[in-house]
Amino acid sequence: MTLEAERTLRDEDLTGLAELAAQLRVDAIRCSTTAGSGHPTSSLSAADLLAVLVARHLRYDWSYPGNPGNDHLILSKGHASPLLYAVFRATGAISEQELLETYRQAGSRLQGHPTPVLPWVDVATGSLGQGLPVGVGVALAAQYLDRSPAHVWVLCGDSETAEGSVWEALDKAGHYGLRNLTTIVDVNRFGQRGPTELEWDLDTYRRRVEAFGCRAIVVDGHDLGAIDEAYGQAREATGPTVVLARTVKGKGVPEVENDPAWHGKAFDPELADRAVRALGGPRRIRVAGPKPPAAPRTAAAEHRQPELPRYERGTKVATRNAYGDALRALGAARPDVVALDGEVSDSTRAESFAAAYPDRFFQMFIAEQQLAAAAVGLAVRGYRPFAATFAAFWSRAYDFIRMAGVSRADIALVGSHAGVEIGPDGPSQMGLEDIAALRAVPGSTVLSPADAVSCAALVAQMADHPGITYLRTTRGTYPVLYDDGEPFPIGGSRMVRDGGDVALLGTGVTVHLCLTAADELTREGIDARVIDMYSIKPVDRQRLAETVVETGGRLVVVEDHYPEGGLGSAVLEALADLGEPSRVNHLAVRGLPGSGTPAQQFDRAGIGVGAIVSAARALA
């Protein structure tokens, strides 16, 4: 049997949709029972919602998932993966054999929660409250940059609406008038441990949604005709739409319907057999939903080498200024580069890009979770996003950054105002954990330039570097150390000053502290080498190995960061792997800072020039 989308819903269409929904339920039960784990009841509640969507409203070419005209389907309630994979089987994207024999098995594409290892999955989901914020980023790209008719459909669970990120997303959807974004909330009233906060209070859901500038449509989530009408209205809307669907958890299987005890439990074979028979048994329905309109053929935008800003050696420039200058230069050379900011563009210097290319700049205001998620969504549509805020504030979006790593998203993140270097603002504004946090993300890159020239060179490379690339910038101005055009490959380092008695390893602002300390050590007759470790992940293992040999293993590592997980950890981990004997003094911020001038902060934290000289003297 094949279902084809038509403009008018007839009685036979309703019968066909009911049959498709039954197949989705049956397949969700069969694959999770075979796997012995999964979330069948969470899948059963939303089966009608997806049956109507894929058969009649989702414009998607399943043979060409890269079609720029395709709609986007994001399963924010990622634990309902049995339902999504049942949809993939119904469309012919995967086989019945793959669904039933590989779900949740080692090496399978059909993982417990969806990931982009499947070409029909845009982003990894499962950490709740993330699908809709990412969908906002996808919708921004489609509506504002691509001028595409592609629509973004996000299926959320009601439990995840307790996450603030969902309301950040709806707020930004309303602010930007995203007419191409439809959120479908499966209100089945049960979460993992029992009733949700609002249960079936659809009126409160509606009022909350409308308060954020979105249209709310309340439907019976098992009334196929009502669902179809709601989706049709959403497609023609002038702003973002939220379909609030009242559903029953475990729908279709009376033994488990509306019973919270079955959350996250696969049916045993006997119950599964009874449920499948009650639903009419397995089916072989193939659904052929509407196809996307033909995308216009456009020539690929030419990427030119950016004309990076030039700085005179010795002049004082803050690396945050160099970031803004370099990003603006990238914007001129790369039409795929976009910028986002968290209402601090005057501090991060992203305002430079915003002034030059306002059509490619998106302000997320003080909503760091949405800031990270929008960057991921823009990357889904092929853009190279640069998102910036204070280094300390990325901690509020850490789960989104973590999941971006699972999605293998190519995004650039920038953290300004890092470390005690910012001075009197105090510890609430100081990024002192950012290096450790970003280093821990799979496939990430962490960069901390010491001057404007190296910063601009690294920004240019970030536009093509895979994965999550993080750049740490300074608030204060510091002398330019290098000549324009010098190379700064990711994974490298620079020896700023040679010496054989001891090596001072710094990153960012501490490179300048190390240089001053080296001058004092010279007056004491100690020949100190200074190395700029601008690439913290990956760290320059070759340079470290050479330095250990040439200085007798005497190293002082200095960082404006807490001791755990930063530059010192990267260096010590590399030395452990190299197996070279060494003695390391690690200077880092080991107490809770207060207010004071930058110089006072360095001294109080034990990373100032005097502390570096003492540590080097003890080794040398």
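Throughout, numbering of the chain's residues begins at 1 and tracks the sequence.
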Roughly how far apart are [X] [atom1] and [Y] [atom2], rounded to 0.5 Å?
| X | Y | atom1 | atom2 | result |
| --- | --- | --- | --- | --- |
| R328 | E307 | CZ | CD | 12.0 Å |
| D540 | R494 | CG | CZ | 11.5 Å |
| Y534 | S493 | OH | OG | 6.5 Å |
| T597 | E421 | OG1 | CD | 11.0 Å |
| Q192 | L128 | CD | CG | 9.5 Å |
| D498 | T551 | CG | OG1 | 10.5 Å |

Is any side-chain heavy atom of [Y] closer than 4.5 Å to one of [X]?
| X | Y | value |
| --- | --- | --- |
| Q601 | P593 | yes |
| T348 | V414 | no |
| V338 | L140 | no |
| Y323 | S416 | no |
| V121 | T115 | no |
| E368 | F400 | no |
| I536 | H561 | no |
| S81 | Q111 | no |

Mind listing the closest non-hydrogen atom pair of [X] and [Y] along with its distance?
| X | Y | answer |
| --- | --- | --- |
| A375 | L340 | N-CD2, 4.1 Å |
| S569 | P563 | OG-O, 3.7 Å |
| G191 | S159 | CA-OG, 3.2 Å |
| L575 | S582 | CD1-OG, 3.6 Å |
| E559 | L567 | OE1-N, 2.6 Å |
| V558 | C514 | CG2-SG, 3.8 Å |

Exam field: side chain [X] to backbone [Y], donor-acceptor pair closer than 3.5 Å:
| X | Y | answer |
| --- | --- | --- |
| R604 | S595 | yes |
| S395 | A392 | yes |
| T522 | A518 | yes |
| D527 | D501 | no |
| T125 | L75 | yes |
| D336 | Y383 | no |
| Q429 | H417 | no |
| E343 | F365 | no |
| E168 | M364 | no |

Review point. What is the ring orientation for Y176 with F362, classed by angle as parallel under 30°, tilted 30 to 60°, or perpendicular over 60°?
Key: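 Judged by the thresholds at 30° and 60°, the geometry between Y176 and F362 is perpendicular.
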Parallel, tilted or perpendicular: ring planes of F393 versus F390, cut at 30 and 60 degrees: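 Parallel.
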key: Worked verdict on L471 versus C455 for side chain to side chain contact (heavy atoms under 4.5 Å, CB included)   = CA-CA 8 Å; L471 181 80; C455 181; 4.0 Å; yes
Checklist entry - Among all residues two or more places apart in sequence or in another chain, which pass the side chain to side chain donor-acceptor pair (under 3.5 Å) test with D532? => result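 Result, side chain to side chain donor-acceptor pair (under 3.5 Å) vs D532: Y482.
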Which pairs of donor and acceptor atoms, one on a side chain in residues 430-446, lie under 3.5 Å apart (sequence neighbours left out)?
unit_1 : atom_1 : unit_2 : atom_2 : d
D434   : OD1    : R472   : NE     : 3.3
D434   : OD1    : R472   : NH2    : 3.1
D434   : OD2    : Y470   : OH     : 2.6
D434   : OD2    : R472   : NE     : 2.8
R439   : NH1    : G565   : O      : 2.9
R439   : NH2    : E573   : OE1    : 2.7
S444   : OG     : L438   : O      : 2.6
S444   : OG     : V441   : O      : 2.9
S444   : OG     : K537   : NZ     : 3.0
T445   : OG1    : H465   : NE2    : 3.1

ask   = Under 6.0 Å from the CZ atom of R396, do we count more than 12 heavy atoms belonging to anything else shown?
value =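 Counting neighbours around CZ of R396, 12 or fewer heavy atoms of other residues, nucleotides or ligands fall under 6.0 Å, so no.
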Between D451 and Y311, does any side-chain donor sit less than 3.5 Å from a side-chain acceptor?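 D451 vs Y311: no donor-acceptor pair found between side chains.
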Margin query: Looking only at side-chain N and O atoms, does R543 offer a donor or acceptor that is under 3.5 Å from a partner on S535?
Written below: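 Absent: no donor and acceptor within the cut-off.
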### Query
Would you call R529 and E546 a salt bridge, taking side-chain N to carboxylate O under 4.0 Å as the test?
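Between E546 and R529 there is no salt bridge, as every charged N stays at least 4.0 Å from the carboxylate O atoms.
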Salt bridge present between R313 and D483 (N-O < 4.0 angstrom):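 Salt bridge: yes.
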ask   = What do the steps show when you test V480 against E312 for side chain to side chain contact (heavy atoms under 4.5 Å, CB included), and what is the final call?
value = CA-CA 7 Å; V480 173; E312 184 178 348; over 6 Å; no
